[in-house]
**Q** 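One structure, pasted below without further comment.
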Protein chains: 2
Amino acid sequence: MNIGEIARRAGVSRSTVSYALSGKRPVSDDTRLKIQRVIDELGYRPNASARALANGRTSTIGLVFPPAGNHYTGMQLDFIGSVVEAAAAYDYDVLLSPSGVDSDRSFQRLLGERRVDGAILMEIRLQDDRADHLADLDFPSVAIGRTAQLDGRWWVGLDHTALAAACVHHLADLGHRRVAFVNRPEQLLRAGYESAHRGLDGFTKAAAERGLTVRTYCCGDDAAAGQECVERILHDDPATTALVTLNEAALGGLYRGLARAGRHVPRDFSVTGVVANRWAETVTPQLTAADVPAAEMGRLAVELLVERLDQPTASARHHLLTPPISLRGSTGPAAAAPAS
Amino acid sequence: MNIGEIARRAGVSRSTVSYALSGKRPVSDDTRLKIQRVIDELGYRPNASARALANGRTSTIGLVFPPAGNHYTGMQLDFIGSVVEAAAAYDYDVLLSPSGVDSDRSFQRLLGERRVDGAILMEIRLQDDRADHLADLDFPSVAIGRTAQLDGRWWVGLDHTALAAACVHHLADLGHRRVAFVNRPEQLLRAGYESAHRGLDGFTKAAAERGLTVRTYCCGDDAAAGQECVERILHDDPATTALVTLNEAALGGLYRGLARAGRHVPRDFSVTGVVANRWAETVTPQLTAADVPAAEMGRLAVELLVERLDQPTASARHHLLTPPISLRGSTGPAAAAPAS
DNA sequence: CACTTCACGCGAACCGGTTCGACGATGTGT
DNA sequence: ACACATCGTCGAACCGGTTCGCGTGAAGTG
């Protein structure tokens with residue numbers, strides 16, 4: 001059931017079948033119908049590899065996502081789902097690539113072996129060799145996040161600086177004076193993860209602006225680490241009355257730590273941060289947070305990539321998102337007189 | 001930088017380069033080295049499409065996963081991650097396929113266009129047309145879950161019947177007599193989702209065995225639905241003292257509903273179920289549950305599929321997993337005298 | 001020294017599509 | 001009536017690998 005077989009049964013040449021399918025040259029209604037009938041009858045579908053080989057396009061985009069060791073967070077899942085869905089709408093498949101331990105190997109698979117037409121890079125770092133490498137090769141790609149070097153880059157990002165700052169202002173407006181920041185794991189911060197860095201920056205600057213006393217922490221991506229982190233925070237400064245977090249996976253642990261320490265949220269202690277809304281709504285009280293629009297980001301990333309693939313000469317575009325803070329139940333006015 | 005270019009620069013024929021790379025025929029050390037040097041110098045990698053076309057294998061496996069409308073759960077994420085990782089270890093890429101609204105279209109892409117060598121099917125139903133279809137075609141695939149029809153099928157599954165029963169026995173042993181079951185959404189149950197059905201069966205039978213009074217509920221895959229479900233449960237039978245759930249995404253909402261109703265977990269009310277451990281540990285108190293070994297299942301599924309691809313004549317194999325219940329803090333002895 | 005054996009390398013065919021140039025059968029203008 | 005453009009179709013070349021059959025020179029054997 002290859003194109004030759006169809007041609008034979010329809011009594012035409014292989015090229016005619018090809019043109020009938022692609023429409024790149026006129027074919028008489030008569031023969032087109034004849035061909036179509038044979039195709040329907042045999043359930044023929046053109047072989048993707050052969051097509052890719054012939055016209056140089058695989059109709060596949062690569063999604064380079066973080067290694068598993070680094071636990072996945074909920075927003076990543078939403079993101080992957082929306083990328084797959086958006087890609088399907090443009091007739092692209094999605095190939096997952098773990099940028100794992102030897103990231104080079106899978107990277108080479110994608111690019112060197114021409115498995116994909118373009119790529120979406122997750123978990124961007126400020127200095128990101130993958131992104132730099134792709135830019136050098138002029139390989140069509142869209143980054144999720146902003147590298148330090150932005151010229152000519154295509155990306156979809158969240159304004160973590162502004163979001164963290166917004167959280168700070170929200171807390172300061174409520175009268176909080178001593179606030180902690182719970183970041184992603186130290187290892188990621190050191191590796192230069194964009195969200196961790198910009199979030200920290202935004203937090204620090206806004207806190208300085210508002211004259212707050214702050215401490216910043218790194219926290220593992222799981223509940224146990226979150227709980228332990230709260231213990232550290234309250235040990236270091238028992239007068240702390242609020243925290244801001246970027247760490248979705250630790251959220252449940254943060255709440256547990258506060259409960260264990262006898263702090264009631266939001267009466268004695270306020271919690272806010274940047275978290276996908278599905279997870280913000282899971283905890284009790286629901287988290288007042290800037291909702292990460294993961295699904296929208298996935299969709300936008302695909303749209304940018306498709307645009308770039310369609311017109312390779314187009315100049316770089318990007319989307320910087322700054323979702324508003326959704327008020328839920330986890331923040332409240334600072335307690336009048338916290339325990340010394 | 002195709003194989004012809006390499007051959008030319010190395011002063012040999014294309015076939016010799018091919019054999020040097022594949023090792024399927026002997027090549028003298030001398031020429032092998034010469035070829036290798038050219039390859040390293042040019043950073044040559046064979047084109048995946050051409051290779052796939054020539055030898056009929058794409059080195060890609062398809063992962064057919066549920067549509068986004070149906071919210072993703074945490075275990076799905078762990079699962080996807082481990083599949084990608086395991087596949088990489090066997091030199092396979094993973095192509096995501098949404099079995100979405102018109103599941104046929106993407107399905108046709110995978111199979112009809114020969115984009116993948118084999119497939120892993122998530123979210124299996126008892127009567128699953130996708131699985132039946134693949135079996136009819138004798139297309140290499142591994143299902144995550146057991147269809148009703150098992151002859152000759154390859155699958156990796158969780159023994160939801162036994163797990164739900166184990167939860168019931170655990171609660172009965174603690175003295176609970178009135179227990180509720182919180183299932184996946186009604187729509188999924190009606191669609192015939194395997195886990196929802198077998199879990200319900202196991203729960204019902206074990207409860208009958210132990211002479212418990214039970215009610216069963218379907219619950220949407222989000223926190224709000226969980227909260228509302230608890231309200232229904234306590235309204236229908238205020239004397240209920242425990243629940244068993246398969247619904248990971250609703251877990252946070254279930255806890256919230258109980259807290260709102262003034263039931264303290266585990267003092268007044270016990271909660272248990274079948275949930276990935278990462279999520280069981282997120283709630284407070286941590287959930288006593290049968291931990292879904294999502295990562296292990298992903299790995300096993302890939303191993304089975306690779307085995308099947310390597311020896312197409314091998315007879316069907318499967319893995320049925322029954323993880324033990326991990327005791328955490330969410331279950332306790334039934335209260336002596338619940339409010340009437 | 002003639003004769004088999006073997007290791008090594010080459011050329012050609014093939015996988016299943018796409019695309020280009022050409023060509024015969026029409027239709028149009030004069 | 002003729003030249004000429006147009007439409008529809010065909011054959012052949014090409015994409016970049018893999019694989020089969022064969023030829024050749026060197027080594028092994030009697």
Side-chain angles (χ1 to χ4, degrees), chain A residues 1-39 42-60 91 93 108-117, chain B residues 1-39 42-60 91 93 108-117:
Chain A
M1 44 224 85
N2 54 28
I3 201 173
E5 181 71 10
I6 303 297
R8 221 169 39 68
R9 300 211 189 199
V12 298
S13 75
R14 303 197 307 147
S15 50
T16 302
V17 175
S18 179
Y19 287 125
L21 284 172
S22 69
K24 294 194 178 176
R25 276 198 193 176
V27 170
S28 75
D29 292 352
D30 197 25
T31 56
R32 193 205 325 290
L33 249 63
K34 212 164 44 187
I35 291 172
Q36 192 56 51
R37 193 153 36 232
V38 176
I39 287 180
L42 271 66
Y44 164 77
R45 308 229 61 194
N47 180 303
S49 303
R51 194 208 292 270
L53 176 58
N55 68 13
R57 301 169 32 83
T58 60
S59 297
T60 302
D91 261 313
D93 281 334
Q108 277 302 320
R109 269 182 89 99
L110 287 196
L111 305 199
E113 304 184 4
R114 311 248 151 66
R115 276 175 204 275
V116 300
D117 295 336
Chain B
M1 42 221 83
N2 54 30
I3 201 174
E5 182 70 12
I6 303 297
R8 219 170 40 69
R9 300 211 189 198
V12 298
S13 74
R14 302 196 308 148
S15 52
T16 302
V17 175
S18 179
Y19 287 123
L21 283 173
S22 70
K24 294 194 178 176
R25 276 200 193 174
V27 170
S28 73
D29 292 352
D30 197 24
T31 55
R32 193 205 325 290
L33 249 63
K34 211 165 42 184
I35 291 171
Q36 191 58 51
R37 194 152 36 232
V38 176
I39 286 179
L42 270 67
Y44 164 78
R45 309 228 59 195
N47 179 304
S49 303
R51 194 208 292 269
L53 176 58
N55 67 14
R57 301 170 31 82
T58 59
S59 296
T60 302
D91 260 315
D93 281 333
Q108 278 302 320
R109 268 182 90 98
L110 287 197
L111 305 199
E113 304 184 4
R114 312 250 148 64
R115 279 175 201 274
V116 301
D117 295 337

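A note on names: the letters A, B, ... follow the listed sequences, proteins ahead of strands, and every chain is numbered from 1. The structure presented is a predicted model; accordingly, all values stated were derived computationally and were not measured. These numbers come from the heavy atoms of this one structure, side chains and all, not from hydrogens, waters or symmetry mates.
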**Q** Run B/Asp93 and B/Thr58 through side-chain contact (heavy atoms from CB on, under 4.5 Å) and show every step you take.
**A** CA-CA 9 Å; B/Asp93 281 333; B/Thr58 59; over 6 Å; no
**Q** So do B/Thr60 and B/Asp117 actually touch side chain to side chain, heavy atoms under 4.5 Å?
**A** no
**Q** How far apart are the C-alpha atoms of B/Gln108 and B/Glu113, what are their side-chain angles, what is the distance that settles it, and do they pass the side-chain contact (heavy atoms from CB on, under 4.5 Å) test?
**A** CA-CA 7 Å; B/Gln108 278 302 320; B/Glu113 304 184 4; over 6 Å; no
**Q** Going by heavy atoms closer than 4.0 Å, what residues in residues 46-60 of chain A are next to DNA chain D?
**A** A/Leu53, A/Ala54
**Q** Over its full length, what angle do the end axes of the helix from C/dC1-D/dG30 to C/dG29-D/dC2 make, each axis taken from five pairs and the result rounded to 10 degrees?
**A** 50°
**Q** Could you check if a side-chain atom of B/Asn2 sits within less than 4.5 angstrom of a side-chain atom of B/Asn47, using non-hydrogen atoms only?
**A** no
**Q** Of all residues at least two apart in sequence or in a different chain, which pass the side-chain hydrogen bond (donor to acceptor under 3.5 Å, both in side chains) check with A/Ser13?
**A** A/Ser15, A/Thr16
**Q** Ignoring hydrogens and geometry, is there a side-chain-to-backbone donor-acceptor pair from B/Arg14 to B/Ile3 under 3.5 Å?
**A** no
**Q** Test for a donor-acceptor pair under 3.5 Å between the base of D/dC20 and the side chain of B/Tyr19, counting only N and O atoms.
**A** yes
**Q** Taking side chain to side chain contact (heavy atoms under 4.5 Å, CB included) as the definition, give me every residue that meets it alongside A/Asp30, ordered by chain and number, with sequence neighbours left out.
**A** A/Ser28
**Q** Within residues 5-16 of chain A, find the residues that approach DNA chain D with a heavy atom at under 4.0 Å, and present them sorted by residue number.
**A** A/Gly11, A/Val12, A/Ser13, A/Arg14, A/Ser15, A/Thr16
**Q** Can you list the residues that meet the side chain to side chain contact (heavy atoms under 4.5 Å, CB included) rule with B/Leu111, with sequence neighbours excluded?
**A** B/Phe107, B/Leu134, B/Leu137, B/Phe139
**Q** List for me each residue that meets salt bridge (Lys or Arg N to Asp or Glu O under 4.0 Å) alongside A/Arg9, sequence neighbours excluded, and say none if there are none.
**A** A/Glu5
**Q** B/Arg45 side chain to A/Arg114 main-chain N or O, any donor-acceptor pair under 3.5 Å?
**A** no
**Q** Should A/Leu21 and A/Ile35 be marked as a side-chain contact (heavy atoms from CB on, under 4.5 Å) after you check the CA-CA gap, both sets of side-chain angles, and the distance that decides it?
**A** CA-CA 9 Å; A/Leu21 284 172; A/Ile35 291 172; 5.6 Å; no
**Q** Quick one: side chain to side chain contact (heavy atoms under 4.5 Å, CB included) partners of B/Asn55, sequence neighbours excluded?
**A** B/Arg51, B/Arg57
**Q** Hey, is the main chain of A/Asp91 close enough, under 3.5 Å, to the side chain of B/Arg109 for a donor-acceptor pair?
**A** yes
**Q** Taking side-chain hydrogen bond (donor to acceptor under 3.5 Å, both in side chains) as the definition, give me every residue that meets it alongside A/Ser49, ordered by chain and number, with sequence neighbours left out.
**A** none
**Q** Give me the first and last nucleotide of DNA chain C, going 5' to 3', that has any atom under 4.0 Å from a heavy atom of chain A.
**A** C/dG16 to C/dA22
**Q** Just by distance, do the side chain of A/Arg25 and the backbone of A/Tyr19 share a donor-acceptor pair under 3.5 Å?
**A** no
**Q** Give me the distances for all protein-to-nucleotides 4-6 of chain D N/O pairs that come in under 3.5 Å?
**A**
none

**Q** Name every residue in residues 22-31 of chain B that has at least one heavy atom under 4.0 Å from any atom of DNA chain C, in order of residue number, or write none if there are no such residues.
**A** B/Arg25, B/Pro26, B/Val27, B/Ser28, B/Thr31
